[in-house]
Amino acid sequence: DEEEDEEDEDEEDEDEEAEASPQKQDEPHIEMEKKREDEKKRREPREEPKEETLPFVFAMPETSAQLDAMVRGLTAAETATVLNRTRVLHAPSLKEENRKKTQTFLGLLLKKFETLVGETPLPVTFLDAVSSAVAATAATVPFFAAAAARARLEKMASRLKLSLRSGETGWPPARTFLLLALFADVFPTTDKSHPVTTPAALFLGNVLAHCAVRSRREAVAAVVASALAAAYSAPAGRVFPEAISLLTGLIHAAAGDEKVSWSEGLAARVAEQVGGPWLGLDSKDDAADDDSNLSTVERRGLSLPSMIATFGASSAFSKKDPDWLPGGGSARTAALAAAASTLNVLLSPARATPSAREWLAPARNAAERVLRRIERLEDAKSAKTKKRKSVKSAKHDEYASARKACAALVSEADAALAGSRRAPLRWRTKAAEAIKQFNPVYEEEGYQRGRDYDPNRERAEARRLQRQLKQEARGAVRELRKDNKFLAERRGAEAAAAKEERGEKQRETMAFLEKMEGDLKSG
């Protein structure tokens, strides 16, 4: 039997080898095809992987030195990438302990922002990168961000108070203006009351109301502060009276010349605060203001960074002359155009108020003065050179921004005041009320007791039903009292009868016991 089993197994093995033999014959062809495909892939040109110069993981900095070392030598785009990756990697939603790290990171970013705004020239691209990181980080820790912003606002207010008490004009430095601009971007300015934007707007109001303008650079500072005031008030539709008053005064004074006084038509308080035609269109010392080492101001106007950069510009003219501006007359013209455009934005909410005429009329008159001043300058120059067309085209390029801004202000003011009528003043009148009459009503059928003579039958029926309801209620109460009294008497009688019955039984029992006691004693 064992030999037969071995023979059967040998036959099965041979059958399996016979079936597998075709597969073994096909394996060399498959291997050759695989080798050919591999060689084709090797010969094909490969795209080299792009080298990532920035790592994806960064440690959360704990000091300003660590943050500076993290972004040292990087471009603005790389700085934004590094700060964003650091913020996302250590988000408070990942770990609870990351909340404290994020708060520290936000404080370091604010310090870095304050350091950058003190540099000259102003690193605008790096400021944008840090500002984006501050806005994104403040959204994750809003309460800490509000506390840090309020602390800086309190320091600004205290410095302003000390500066005004010491007799200075009190205009804040560029760092303060840029911090206020950052707060306007990070926190909502449309809320009715906000823990950061409301104090910031009040601080700007104090600056614009109490700081006097005594030089051209301070006039530029006033324009910048007014632009920030517009950023805080215009989106919410609020009127900023301090900014409107100061800008109107600066534009009004800019149209002054030898024939027309700059303070003519200005209120005494505004004229005292403005102090002079600092943004005047024509000045004899324009040549002294120009610095050949600095690039001229663009004819299309000043931006906020370029206006703020004038506070920290290092030049021989800026050190000895506070009226020096980079670009000279072109800079003053651009600042005047910026003032007119900002004033137009500030006046937008005021156009819908009942006192729109009081707001718009002074600003419109100031803009018209500037337009007339530009025409006089062009006419005087053309009369001297006898080449009106060429000169006018050149002066048009110089005064184009100021002319356009003032013309827009005048046209929008005219459109807002067109067709408006002022109601004459009068005492408040109250409509006369009819005196209530108590004349008796006589019935032809005679008086009937209990009858309601009200002509309104529905009201009379309602009163009748009300009286009937009260009568039924009183009757029900009376019946309930009777029932309660009867039940109380019945309960009292039953209780007395039960008591009497118990007493009778007790007496019978005591008599029986006394009898038994007597029998026992008698034997």
Side-chain angles (χ1 to χ4, degrees), residues 52-119 122-159 174-201 203 228 231-232 235 305:
E52 183 66 31
T53 58
L54 297 176
F56 286 92
V57 179
F58 294 91
M60 180 65 80
E62 298 180 356
T63 60
S64 299
Q66 294 179 0
L67 180 61
D68 294 339
M70 181 186 297
V71 299
R72 184 179 294 115
L74 301 180
T75 62
E78 293 173 345
T79 301
T81 303
V82 169
L83 296 179
N84 184 50
R85 290 178 180 177
T86 304
R87 176 186 61 82
V88 173
L89 182 63
H90 302 278
S93 58
L94 301 178
K95 289 183 181 180
E96 184 62 28
E97 60 186 17
N98 288 345
R99 184 169 297 277
K100 183 65 177 178
K101 295 180 180 179
T102 305
Q103 293 175 357
T104 305
F105 184 58
L106 179 59
L108 295 177
L109 289 176
L110 290 175
K111 290 182 181 178
K112 182 66 175 178
F113 184 87
E114 294 174 348
T115 303
L116 290 175
V117 298
E119 296 181 2
L122 201 64
V124 180
T125 55
F126 287 94
L127 283 175
D128 292 340
V130 176
S131 300
S132 302
V134 169
T137 309
T140 58
V141 284
F143 292 103
F144 180 82
R150 284 181 65 89
R152 284 164 173 78
L153 288 172
E154 291 176 359
K155 291 182 181 179
M156 295 177 192
S158 62
R159 286 196 295 265
R175 177 182 303 175
T176 300
F177 286 130
L178 286 172
L179 274 176
L180 292 173
L182 176 65
F183 295 158
D185 291 335
V186 174
F187 301 101
T189 58
T190 56
D191 292 357
K192 183 177 181 181
S193 179
H194 191 272
V196 176
T197 55
T198 300
F203 172 76
L228 292 175
Y232 277 92

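Excluded from the calculations below are hydrogen atoms, water molecules and symmetry mates; all remaining heavy atoms, backbone and side chain alike, are included.
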Validation row: Arg159, Lys155 side chains within 4.5 angstrom (heavy atoms) = yes
With side chains defined as the heavy atoms from C-beta onward, is the minimum distance between Phe144 and Thr102 less than 4.5 Å?
-> no
Which heavy-atom pair separates Tyr232 from Ala184 by the least distance, and what is that distance?
-> OH-N, 3.4 Å
Is atom CD of Glu62 surrounded by more than 12 heavy atoms (other residues, nucleotides or ligands) closer than 6.0 Å?
-> no
Rounded to the nearest 0.5 angstrom, the CG-CZ distance for Leu228 and Phe183 is 11.5 Å
Over all atoms of both residues, closest heavy-atom pair of Thr86 and Ala59 = CG2-O, 4.3 Å
Looking only at heavy atoms, which two atoms of Leu116 and Leu122 are closest? And how far apart?
-> O-CD1, 4.2 Å
Rounded distance [0.5 Å steps], CZ in Phe56 versus CG in Leu89 = 12.0 Å
Leu182 side, atom CG; Glu114 side, atom CD - distance, nearest 0.5 Å = 9.5 Å
Going by heavy atoms in the side chains, are Leu74 and Leu54 under 4.5 Å from each other?
-> yes
Report the residues that fulfil ring-ring contact (aromatic ring centres under 6.0 Å, His included) with Phe187, sequence neighbours left out, ordered by chain and then residue number.
-> His194
Minimum side-chain heavy-atom gap Val124-Leu127 below 4.5 Å = no
Can you check whether Thr115 reaches Asp68 side chain to side chain, under 4.5 Å on heavy atoms?
-> no
Run the side-chain contact (heavy atoms from CB on, under 4.5 Å) check on Arg152 and Leu110 step by step: do they pass?
-> CA-CA 10 Å; Arg152 284 164 173 78; Leu110 290 175; 3.6 Å; yes
Evaluate the side-chain proximity of Gln103 to Leu106: yes if any heavy-atom separation is below 4.5 Å, no if none is.
-> no
Taking atom OG1 of Thr104 and atom CE of Met60, what is their separation to the nearest 0.5 Å?
-> 8.0 Å
Check: Pro195 main-chain N/O paired with Arg150 side-chain donor or acceptor under 3.5 Å = yes
In sequence, state the C-alpha distance, the side-chain angles, and the governing distance for Phe126 and Val71, and then conclude on side-chain contact (heavy atoms from CB on, under 4.5 Å).
-> CA-CA 10 Å; Phe126 287 94; Val71 299; over 6 Å; no
Roughly how far, to the nearest 0.5 Å, is CG of Leu180 from OG1 of Thr197?
-> 11.5 Å
Atom CZ in Phe105, atom CG in Leu67: separation rounded to 0.5 Å?
-> 6.5 Å
Of the non-hydrogen atoms in Ala129 and Ala76, which two are nearest, and what is the gap between them?
-> CB-O, 3.7 Å
Less than 4.5 Å apart, any side-chain heavy atom of Lys101 and any of Lys95?
-> no
Check Pro92 against Arg99 and note the closest heavy-atom contact, atom names and distance.
-> CB-NH2, 3.8 Å
Give the minimum heavy-atom separation between Thr137 and Thr140, together with the two atoms involved.
-> O-OG1, 2.6 Å
